Amino acid sequence: MKYVALMGTTAQHSYNRDLLQFMAHHFSHQATIEVNEITGIPLFNEPDQNDVPASVQQLNDKISQADGVIIGVPEYDHAIPAALKNVIEWLSYQLHPFANKPVMLVGTSLGIQGTCRAQGDLRRILNSPGVDAQVLPGNEYMLSYAGKAFDETGELIDGPSIKFLERCFANFEQFVKTMNGTPALNIDWQGSYDVIVLGFGGAGATAARFAADNGAHVLLVDAAPFGREGGNTRYSAQHVVTGESLDQLTAYYQALGAPFSTPVKTLNAYLSGMSQIPTYFEKYLGIKAVSWKHDIKPGDAVAIKKTMAEYPELAGSETIDFALVHKRDKDAALWKLLRKSVLDRADKIDVWLNSRAQHLIQDPNSKIIQGVQIKRGEHLLNLHANHGVVLAMGGFENNAELTQTYLHSAHLTPLGTLYNRGDGVKMAQEVDAKMWHMTNYESHGILPGITFKEDANERGRQIEHWSLLKNGSIFVIADDGTRYFPEDAKHRHGHVYTHGSWLIPMKNQHPYLVFDQIQYEAFKAQEQRDGQLPYPKFMRKLITAPTIEKLAAKLDVPADNLQQTVADFNHYTEVGRDFAFGRDPQTMRQLDAGPYYAIAAANDVLNTQGGPQRNEHAQILNVNNDPIPHLFGAGELGGIVANCYQGGGNLAECLIFGKLAGENAARPKSDSESVDADEANGINDLVDGETAANVKLGADQYLGSSNAGLGGKVIVRVTYRDHKIQAVDVIQHHESEDVGLTAIKEIPQEIVAANSTSVDAVSGASASSRAIKEAVQDALKQVTNSVTN
């Protein structure tokens, strides 16, 4: 809320001024209060029409734009000061900013009466015809003996007075909301859709598709650029967990979650959908699902499994199966079907890529989610959602602040998408969503919980079967130079069995794989035999030293610890038992006399599970377990997994809760409100990207693009020959139909004529002009690259 506080006197010192300034500071966490003086207002003289002093006009504009007004009124001669009456006369003559404006009165006095007569006088004036203010009834804040209530810095120090002021101000806040009505929003909307889906992975694609199939006009938004959309669904193994028996699925998933519990109705919605996955594939994806349990035969591209369940020891595990698109995996086959389902509905689904959601727009009174603020290029756009918003933005694995807060790790190397940056977590928290499962995440990597260290903003490698990493004279060390888990451990999405629980091995700042010369020769032999190692950069990243002591120095670990670790490892090998961690002695070989090698590893993450809690209807709940109106969720953001994870469960959740979220978000609601705004509607980066991918390029032709346009992506085809720009053709754009089209026509001609993008922008179309120039520059980069290559 934004309020104008009006100082009711021109006195150089006034406790009323101190009171208003205290209120501005004290309530700053919930409102903006701007204290305004009235010293510059001239005497009212009934001027000619429209002859209003600038100081009066300025104060009028501030009051008009404010949600309410707070007046600090002193008392002189049983009435308000003449200066304040003068201001009100100005603001009720030609200008009427107080009309229906909520007003709160406060006042201070040196004596006991606390401005009671002045406030009564002011109420009558504010209620008079021509003023027509709405004064807060029943709350009269009158501070007596003001000289003792404030300290020397002007701070109010009287505890009971502060408590009473807080109660009055809370009542005023509610009064303002009631006066302003529902919704109490003043938003400049740039576009309007029935449903807005945030996140274009498996969950978001599914939600958008089912919202469209239920009659909604949908906007689907993702932070990734074209070609990188898909979230973790794109990088997953494409296994969707299913099971024939709902009773057994229930028993199994209750055991997986133990000792934690999931609300019965939410879990049942998940498992009921899981038991129907084969039907789902046939009915909604148009294919007959391949059952890994029943359809995979020897010689198929995927191997026969002894058990489908990741935790076969748990009750109900025998029902677990996987549904596949075909007899292959890890090929994005399911993702491609989901992506195509969105592309096939381009008449109902607009897609914004490289566009990052910033905030949910929530009505402060009704708590209805009215829309979303999205950053697209250089523009912040407010998009209205008539019926609902779906959060399907994935987890927070690429957000260092959130992984540090919830996962106790400064950095986790992602094995999936680089675009899960926790935006959904922050946006949900802003609207008081209830968060769950924040400390739960899954891993994989080269060994349990770790992968090879990569540069910042690079994906880690997931290599499940490389025997040389866990067989021979090789082991993993922690930050102190000691081992911390059995390198040959069977793991379940990074979790290893330890002391009765399945946990991801402890996180370290700089783990390393350490090995000797014999192991090095084995790696070299594999490289020569296969042409390259499973991790091609392996040999280039090795650290070597002639002794363990010198290797420890290079790794920044205690030399004594590393030497003892080698001695212990060699001893365990000699006696045939790993007393520390129980690694199979058949996989262990004593380290030789050197030289020694190491390669940096890093803690990795496949996906996080935490986020806003949802119910059986995919509605996101607030901290009181009530649904937040018009807000829905699906996928890994607030996933259902509370403890142990069964492979294929996240994809199943994307399909099941994506469908629920899309259908329920699309359903018209009695409190829905339509908005007439379509400036930003009609943009589809997915279609544009497909169009660009299909553009035929001749000799010396290059494509370039830019998102800096006013309406969306601009794609150009540049013909460049003999060190000169021969032609610039705008293939795709969404610029406005007035001056934007002028830029589309003229800027390419000027670029060709100047043989440069350093040309003047078309007046009034700077964004469109800049986008065309940036797109041409993008195309010309490819010319440089082709020459270099």
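Everything quoted here is computed from the prediction, not taken from an experiment.
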>> Ring centroids only, cut at 6.0 angstrom: are Y3 and F172 within range, meaning strictly under it?
In response: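 Yes, close enough.
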> Between H13 and Y15, is the gap from one ring center to the other below 6.0 Å?
Replying inline: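 They qualify: ring centres under 6.0 Å apart.
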Return all side-chain donor-acceptor pairs below 3.5 angstrom for residues 424-432, not counting sequence neighbours, or 'none' if the list is empty.
{"from": "Q429", "atom 1": "NE2", "to": "Y406", "atom 2": "OH", "distance (Å)": "3.1"}
{"from": "E430", "atom 1": "OE1", "to": "H359", "atom 2": "ND1", "distance (Å)": "3.0"}
{"from": "E430", "atom 1": "OE2", "to": "H359", "atom 2": "ND1", "distance (Å)": "3.0"}

Can you find a pair of side-chain heavy atoms, one from [X] and one from [Y], that are under 4.5 Å apart?
X: Q373; Y: L381; answer: no
X: D671; Y: H630; answer: yes
X: V372; Y: I361; answer: no
X: M23; Y: L165; answer: yes
X: V103; Y: I71; answer: yes
X: L380; Y: Q358; answer: yes
X: F150; Y: L19; answer: yes
X: D194; Y: V218; answer: no

>> Tell me whether K367 at atom NZ has more than 12 heavy atoms from other residues, nucleotides or ligands lying less than 6.0 Å away.
In response: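 It does: K367 NZ has more than 12 such atoms within range.
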> Is atom CG of N45 surrounded by more than 12 heavy atoms (other residues, nucleotides or ligands) closer than 6.0 Å?
Replying inline: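 Count over threshold, so yes.
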Judged by atom type as modelled, is there a donor-acceptor pair below 3.5 Å linking the side chain of [X] to the main-chain atoms of [Y]?
X: T403; Y: A400; answer: yes
X: S128; Y: I125; answer: yes
X: S355; Y: L353; answer: yes
X: E653; Y: I640; answer: yes
X: H437; Y: G639; answer: yes
X: N664; Y: G662; answer: no
X: N100; Y: M179; answer: no
X: D678; Y: G191; answer: no
X: R123; Y: L136; answer: yes
X: S109; Y: S144; answer: no

Any donor-acceptor pair under 3.5 Å linking the side-chain atoms of [Y] with those of [X]?
X: D676; Y: S192; result: no
X: N615; Y: K265; result: no
X: H384; Y: N382; result: no
X: D61; Y: S64; result: no
X: N171; Y: N139; result: yes

Between the side chains of [Y] and [X], is the shortest nitrogen-to-carboxylate-oxygen separation below 4.0 Å, so that they form an ion pair?
X: K2; Y: E34; value: no
X: R421; Y: E401; value: no
X: K85; Y: E89; value: yes
X: K434; Y: D626; value: no

>> For T108 and N16: C-alpha separation, side-chain torsions, deciding distance, then whether side-chain hydrogen bond (donor to acceptor under 3.5 Å, both in side chains) applies.
In response: CA-CA 6 Å; T108 70; N16 285 280; 3.2 Å; yes
Point-to-point distance, once rounded to the nearest 0.5 Å, from [atom1] of [X] to [atom2] of [Y]:
X: E636; Y: T608; atom1: CD; atom2: OG1; value: 6.5 Å
X: L402; Y: D423; atom1: CG; atom2: CG; value: 9.5 Å
X: S55; Y: E37; atom1: OG; atom2: CD; value: 13.5 Å
X: T115; Y: L122; atom1: OG1; atom2: CG; value: 9.5 Å
X: E229; Y: T417; atom1: CD; atom2: OG1; value: 10.0 Å
X: N607; Y: N420; atom1: CG; atom2: CG; value: 8.5 Å

Write down the atom of [X], the atom of [Y], and the distance for their closest heavy-atom approach.
X: P74; Y: P81; value: O-CD, 3.5 Å
X: M393; Y: A357; value: CE-CB, 4.1 Å
X: L220; Y: A208; value: CD2-CB, 4.1 Å
X: V390; Y: A207; value: CG1-CB, 4.0 Å
X: F169; Y: A31; value: CZ-CB, 4.1 Å
X: A5; Y: L20; value: CB-CD2, 4.2 Å

Could you work out, with ring-ring contact (aromatic ring centres under 6.0 Å, His included) as the rule, every residue matching [X], not counting sequence neighbours?
X: H26; result: F22
X: F44; result: W90, Y93
X: Y193; result: H217
X: F175; result: none

>> Before you tell me yes or no, could you show the steps for L91 and I63 under side-chain contact (heavy atoms from CB on, under 4.5 Å), namely the whole-Å CA-CA distance, both residues' side-chain angles and the distance that decides it to 0.1 Å?
In response: CA-CA 10 Å; L91 297 178; I63 293 174; 3.8 Å; yes
> Please walk me through it: do F632 and R614 pass side-chain contact (heavy atoms from CB on, under 4.5 Å)?
Replying inline: CA-CA 7 Å; F632 304 85; R614 65 181 81 106; over 6 Å; no
>> One pair to check against side-chain hydrogen bond (donor to acceptor under 3.5 Å, both in side chains): S366 and D363. What are the steps and the verdict?
In response: CA-CA 6 Å; S366 68; D363 184 275; 3.2 Å; yes
>> Between V106 and V73, does the side-chain contact (heavy atoms from CB on, under 4.5 Å) criterion hold? Intermediate values first, please.
In response: CA-CA 6 Å; V106 298; V73 54; over 6 Å; no
> Which salt bridge (charged side-chain N to carboxylate O under 4.0 Å, His left out) pairs, counting each pair once, include a residue from residues 110-119, with sequence neighbours left out?
Replying inline: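 Qualifying pairs, neighbours excluded: none.
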>> Using side-chain contact (heavy atoms from CB on, under 4.5 Å), reason through T9 and Y76 one step at a time and then give a plain yes or no.
In response: CA-CA 10 Å; T9 178; Y76 290 94; 4.0 Å; yes
